[in-house]
Amino acid sequence: MKKLLFLFILLSLTGISCKEKQDGKPKIAVVISTLNNPWFVVLAESAVENARKLGYEAKIFDSQNNPATESDNFENLISSGFDAILFNPTDADGSIVNVLKAKEAGIPVFCMDREINADNAATSQILSDNYSGCVEIGVTFVKALNEKGNYAEILGLVGDNNTWARSGGFHSVVDKFPNLKMVAQQSGDFDRNKAMEVLETIMQAHPDIEAVFCGNDAMAMGAYQALQSAGKADKVKVFGFDGASDVIEKIKEKKIVATGMQYPKVMAKTAAQYADEYFKGKRDFPQRVPVEVELVTAANAGSYQ
Amino acid sequence: MKKGIFIVILLVLGYNSIYFKKLSEVRNQQQTSFDFKTFADSLYYQGILKSNNAVELSQLSALVQSNPDSAFKAYGNRLGIGNSAYFMVKGEGKVIEKQASGLKVVTDTHTILMVDTKYIFGNAIRDASGLVKLTDFKTNADFNKLSEALNNVIREKAIPEDLKAINVGDKITLSGATKLSKTQDKSTTLSILPIRISKTE
């Protein structure tokens with residue numbers, strides 16, 4: 001009797017599962033590097049919203065900035081029968097293996113915002129043009145400092161290509177001006193509190209810095225907080241990157257000099273549209289799609305929310 | 001005795017399996033061996049200067065005012081998604097100011113241009129040229145390095161040479177890249193990153 005009941009339940013479940021696959025729309029997984037940063041929450045929620053608008057079931061997986069968790073997420077979503085992945089990687093090199101696993105399972109992966117160092121793994125990569133954005137910040141930086149002075153740089157995560165694209169764009173300009181001297185370069189892991197601590201330590205060794213360039217706006221806010229505590233907020237110029245609303249407000253108040261406005265919603269929407277096109281049979285996608293970053297200063301901050 | 005040999009082997013293996021390097025060294029080792037400088041030289045002298053894809057400034061300005069979508073489609077180059085595009089332009093004008101940062105020029109149609117000879121950075125010239133594609137390079141970082149090498153040739157070699165012969169009051173012909181945005185105020189003074197400036201009289 002028990003055996004019969006077990007078989008009945010098993011058959012019923014199999015039946016439900018098959019019915020879902022036959023009748024249901026494809027399922028989209030949104031795998032995000034971290035949901036601890038509001039910027040990535042916007043990216044994740046926009047991706048889910050756009051996928052649902054297109055009629056698909058969508059679920060967020062948080063990798064907690066941990067490649068091992070990301071790997072577990074991929075194993076789970078592959079075995080759970082997801083049909084496409086909108087992916088924000090934790091590591092440009094370390095995440096390649098996960099994308100390849102999905103590819104082997106026949107699941108297309110569309111990278112959002114963060115690049116992986118392979119051009120044959122993801123179906124497409126939709127990425128902020130971090131380099132160009134930071135070139136413009138670099139020019140603004142040089143002009144704001146009249147081409148001279150000591151400064152510090154607070155980098156993002158060292159394993160993330162965006163960190164180096166931003167730093168590279170900035171230095172492609174600033175390094176051409178020999179009277180601008182970088183006295184410290186440390187990672188703040190894209191984290192507000194860590195950036196605050198990092199700048200506090202830097203200021204102990206280099207109390208004479210005139211500016212700080214931060215690889216994202218969360219760190220710019222942390223740096224500004226450290227400067228406020230040290231009574232130097234009016235003396236040291238802060239530059240960020242992202243276009244976060246609190247930094248835009250600080251730019252309007254002339255407390256932060258500039259940031260680069262990124263468009264996470266555009267990236268998320270494009271990734272969801274690409275997944276939709278994939279389901280409808282399209283296979284020819286551009287490997288990398290740069291999304292413009294706009295310079296925001298006190299001159300145009302009013303145009304941004 | 002056996003234990004001793006085993007410990008020695010273990011120590012040797014352990015010592016040789018762990019090493020420390022600076023992060024910057026590791027990153028530099030990952031860089032490609034592609035010769036960006038030679039490629040940029042060739043792109044500038046054999047490609048960009050000989051290319052005939054620049055639009056007359058007056059023609060572009062008129063079209064941007066009357067039909068911006070058509071202007072962006074016909075003459076703009078945008079890699080990926082965004083409100084702006086880069087344009088390769090050419091025109092004539094008279095130098096009314098010569099500053100450390102560049103030239104202020106007035107055209108025959110009384111348009112004021114800023115020719116930025118100091119801050120020739122970024123991807124404006126590379127992208128306006130339309131001669132190289134993102135897919136020609138394996139990573140975005142490599143594609144950006146091409147811009148850096150190209151800008152170095154123009155900013156440090158070609159334009160300083162051109163500027164030696166240019167003074168206030170001179171009539172010049174110039175060609176270069178400009179960035180226009182569909183959302184920008186149309187009254188904004190046009191800024192051009194030059195690829196060539198020459199005196200006409």
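First the proteins, then the strands, lettered A, B, ... as listed; each starts at 1. Remember, it's a predicted structure, so these values are computed and weren't measured experimentally.
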Check your understanding: Do you know which of A/V266, A/L127, A/V135, A/V173 has the most heavy-atom pairs under 4.5 Å to chain B?
Key -> A/V173

Practice item. Determine, stepwise, if the pair B/I81 / A/M267 fulfils side-chain contact (heavy atoms from CB on, under 4.5 Å). Key: CA-CA 9 Å; B/I81 301 164; A/M267 285 186 272; over 6 Å; no

Check your understanding: Around B/R78, counting heavy atoms of other residues, nucleotides and ligands shown, do more than 12 lie under 6.0 Å from its CZ?
Key -> yes

Review point. Does atom NZ of A/K269 have more than 12 heavy-atom neighbours from other groups under 6.0 Å away?
Key: no

Exercise for review: Let me know if A/Q185 has heavy atoms under 4.5 Å from chain B in its side chain, its backbone, both or neither.
Suggested key: neither

Exercise for review: Using non-hydrogen atoms and a 4.5 Å limit, figure out which bit of B/S84 sits close to chain A: side chain, backbone, both or neither.
Suggested key: both

Revision key, fill the gap. Bottom line for A/Q125: the part with an atom under 4.5 Å from chain B's heavy atoms is neither

**Study point:** Enclosure of B/K98 NZ (heavy-atom neighbours >12, cutoff 6.0 Å)
**Key:** yes

Practice item. Would you give the length of the straight line joining atom OG1 of B/T139 to atom CG of A/N161, rounded to the nearest 0.5 angstrom? Key: 8.0 Å

Exercise for review: For B/F121 and A/E136, run side-chain contact (heavy atoms from CB on, under 4.5 Å): C-alpha distance rounded to whole Å, both residues' side-chain angles, the deciding distance at 0.1 Å, then the answer.
Suggested key: CA-CA 8 Å; B/F121 296 102; A/E136 292 197 41; over 6 Å; no

Check your understanding: How about B/K118: does its NZ atom have over 12 heavy atoms from other parts shown lying under 6.0 Å from it?
Key -> yes

Point to revise | Flag, side chain of A/Q287 to backbone of B/T135, donor-acceptor distance under 3.5 Å | key: no

Review point. Could you state the interatomic distance from OG (A/S172) to CG (B/N144), rounded to the nearest 0.5 Å?
Key: 8.5 Å

Study note, to complete from the structure: Looking only at heavy atoms, the pair that brings B/N83 and A/E292 closest together is N-OE1, 2.7 Å

Practice item. Check each atom of B/Y119 against the heavy atoms of chain A and say whether the ones under 4.5 Å are side chain, backbone, both or neither. Key: side chain

Point to revise | Atom NZ of A/K282: over 12 foreign heavy atoms under 6.0 Å | key: yes

Review point. Relative to chain A, which segment of B/F143 carries a heavy atom at a distance below 4.5 Å: side chain, backbone, both, or neither?
Key: neither

Practice item. Apply side-chain contact (heavy atoms from CB on, under 4.5 Å) to B/N140 and A/R288, showing your working. Key: CA-CA 8 Å; B/N140 281 358; A/R288 279 169 279 144; 2.8 Å; yes

Practice item. Could you tell me which portion of B/N151 (side chain, backbone, both or neither) has an atom closer than 4.5 angstrom to a non-hydrogen atom of chain A? Key: neither

Exercise for review: Would you mind checking which part of B/K179 comes under 4.5 Å of any heavy atom in chain A, side chain (CB onward), backbone (N, CA, C, O), both or neither?
Suggested key: side chain

Check your understanding: Which atoms form the tightest heavy-atom contact between B/G80 and A/V289, and what is the distance?
Key -> CA-CG1, 4.0 Å

Study note, to complete from the structure: Looking only at B/R155, B/E148, B/E156, the option with the highest number of non-hydrogen pairs under 4.5 Å against chain A is B/E148

Exercise for review: With a 4.5 Å cut-off on heavy-atom pairs, point out which of A/I126, A/N130, A/D129, A/V291 contacts chain B the most.
Suggested key: A/V291

